[in-house]
Colleague: 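Starting off with a structure, shown below.
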Amino acid sequence: RPPTVTEKGILDYAEIHHADEQRFDAWIAQVQKDGLRPVSLSIQVVKDAPRYTAVAVKEEKKRIWEFRRPEPGMELAQIDDMRGKNYSAVMQNPYTQAGKHRSALVWLWNAPATGIWTGDKQFVGHQIAEAVADKARPIYRCATYEGDRIVYSILIGPDDGIPMNDVIN
């Protein structure tokens, strides 16, 4: 069996599976301290509590990032605050906790600006169509079931030339 080859520029990685909020927050603080960056994040709600699964990588070139979980109703203020500090969202995961819509975001400093959209399938599909017409593309997407509906989330960024099938599949 041939040896495993890592992606160019990746020096190490860390992962966490099915962590409650307290354990995840401790993990995210540790990976940030250790110079790693989250590249994958998913949230599943179990008995009204979020459970986090994530992967972080250590890159040759360290990148500055932040993880945020805005309070309900404060999402737009946080988006404005982070954009004002030259951060762009690179991951967004919606979920429901205690009957309230929540979201968890990973922000990357000095990255190309991203559009952040959350809504029903038709709304998000419309945002994707507009992005393609403007020579932009989805860079991150996810969906969550909120008891009576599916909520979709999409981040739109500049088209980097990678074929869509390579990103989506």
Side-chain angles (χ1 to χ4, degrees), residues 7 9-10 13-19 21 24 27-28 31 36-46 48-57 59 63-83 86-97 100-169:
E7 187 173 334
I10 303 299
Y13 73 97
E15 57 189 292
I16 190 166
H17 301 273
H18 203 62
E21 200 164 88
F24 178 76
W27 180 84
I28 205 85
V31 298
L36 286 87
R37 177 176 67 90
V39 293
S40 176
L41 171 66
S42 65
I43 301 171
Q44 179 184 12
V45 176
V46 178
D48 202 37
R51 306 297 287 191
Y52 298 82
T53 297
V55 176
V57 298
E59 301 166 294
R63 301 175 86 183
I64 300 168
W65 60 272
E66 294 288 333
F67 172 78
R68 298 290 176 95
R69 195 184 298 114
E71 290 299 317
M74 297 302 296
E75 296 89 354
L76 293 178
Q78 184 181 98
I79 290 169
D80 290 342
D81 178 58
M82 294 303 285
R83 285 181 174 161
N86 199 29
Y87 281 84
S88 293
V90 293
M91 285 183 262
Q92 177 185 355
N93 290 77
Y95 63 99
T96 302
Q97 186 176 18
K100 294 184 178 175
H101 174 77
R102 301 292 310 268
S103 60
L105 295 99
V106 175
W107 297 86
L108 190 59
W109 182 76
N110 204 25
T114 53
I116 303 171
W117 303 102
T118 301
D120 64 21
K121 187 175 184 177
Q122 182 179 353
F123 173 77
V124 169
H126 176 73
Q127 299 307 319
I128 292 170
E130 282 191 1
V132 170
D134 292 338
K135 306 283 190 257
R137 61 175 294 144
I139 61 166
Y140 190 84
R141 67 181 183 167
C142 68
T144 186
Y145 180 67
E146 293 195 346
D148 61 345
R149 65 192 178 117
I150 297 174
V151 175
Y152 297 85
S153 174
I154 189 95
L155 299 178
I156 305 282
D159 189 343
D160 57 9
I162 297 173
M164 288 294 287
N165 285 343
D166 291 348
V167 174
I168 293 173
N169 297 325

Colleague: Do Ser153 and Arg141 have side-chain heavy atoms sitting under 4.5 Å apart?
Modeller: no

Colleague: Would you check, one step at a time, whether the test side chain to side chain donor-acceptor pair (under 3.5 Å) holds for Glu75 with Ser103?
Modeller: CA-CA 8 Å; Glu75 296 89 354; Ser103 60; 4.8 Å; no

Colleague: Mind checking whether Met91 and Pro38 have side chains closer than 4.5 Å, heavy atoms only?
Modeller: yes

Colleague: Thinking salt bridges, do Asp159 and Arg137 make one under a 4.0 Å N-O criterion?
Modeller: yes

Colleague: Any heavy-atom pair between the side chains of His17 and Arg51 that's under 4.5 Å?
Modeller: no

Colleague: Quick check: closest heavy atoms across Pro94 and His101, and the distance to 0.1 Å?
Modeller: CB-CE1, 3.5 Å

Colleague: For residues Ile64 and Leu108, report the shortest heavy-atom separation together with the two atoms involved.
Modeller: O-CD1, 3.4 Å

Colleague: Working to the nearest 0.5 Å, report the span between CD of Gln127 and CD1 of Ile154.
Modeller: 9.5 Å

Colleague: Hey, does Asn110 have a side-chain heavy atom less than 4.5 Å from the side chain of Tyr87?
Modeller: no

Colleague: Not counting sequence neighbours, list each pair that qualifies as a ring-ring contact (aromatic ring centres under 6.0 Å, His included) and has a residue in residues 123-146.
Modeller: Trp117-Phe123

Colleague: Between the main-chain N or O of Leu36 and the side-chain N or O of Trp65, is there a donor-acceptor pair closer than 3.5 Å?
Modeller: yes

Colleague: State, yes or no, whether a side-chain contact exists between Glu59 and Ile10 at a heavy-atom distance under 4.5 Å.
Modeller: yes

Colleague: Could you give the distance from CD1 (Ile79) to CE (Met74), rounded to the nearest 0.5 Å?
Modeller: 11.5 Å

Colleague: Judged by atom type as modelled, is there a donor-acceptor pair below 3.5 Å linking the side chain of Asn93 to the main-chain atoms of Leu105?
Modeller: no

Colleague: Would you call the rings of Tyr52 and Phe24 parallel, tilted or perpendicular, taking 30° and 60° as the class edges?
Modeller: parallel

Colleague: Kindly indicate whether the side chain of Ile116, heavy atoms from C-beta on, has any atom under 4.5 Å from the side chain of Arg83.
Modeller: yes

Colleague: Taking all heavy atoms of Ala143 and all of Tyr152, pick out the closest pair and write down the distance.
Modeller: CB-CD2, 3.7 Å

Colleague: Would you check if Glu66 and Val106 make a side-chain contact, meaning some heavy-atom pair closer than 4.5 Å?
Modeller: no

Colleague: Indicate the atoms forming the closest heavy-atom contact of Thr96 with Asp48, along with that distance.
Modeller: O-OD1, 4.1 Å

Colleague: Measure the spacing between SG of Cys142 and CD1 of Ile43 and express it to the nearest 0.5 Å.
Modeller: 8.0 Å

Colleague: Report the distance from atom CZ of Arg102 to atom CZ of Arg69, rounding to the nearest 0.5 Å.
Modeller: 7.0 Å

Colleague: A side-chain contact here means heavy atoms from C-beta on lying under 4.5 Å apart; do Tyr95 and Lys100 qualify?
Modeller: no

Colleague: Between the main-chain N or O of Leu76 and the side-chain N or O of Gln78, is there a donor-acceptor pair closer than 3.5 Å?
Modeller: no

Colleague: Output yes when a side-chain donor or acceptor of Thr114 lies under 3.5 Å from a complementary backbone atom of Ser88, and no otherwise.
Modeller: no

Colleague: What pair of heavy atoms forms the shortest contact from Leu155 to Val90, and how long is it?
Modeller: CD1-C, 3.3 Å

Colleague: Could you walk me through whether His18 and Val46 satisfy the side chain to side chain contact (heavy atoms under 4.5 Å, CB included) test, starting with their C-alpha distance in whole Å, then the side-chain angles of each, then the deciding distance to 0.1 Å, before giving a yes or no?
Modeller: CA-CA 10 Å; His18 203 62; Val46 178; 3.9 Å; yes

Colleague: Can you run down the salt bridge (Lys or Arg N to Asp or Glu O under 4.0 Å) pairs that involve residues 147-157, sequence neighbours left out, and say none if there aren't any?
Modeller: Glu146-Arg149

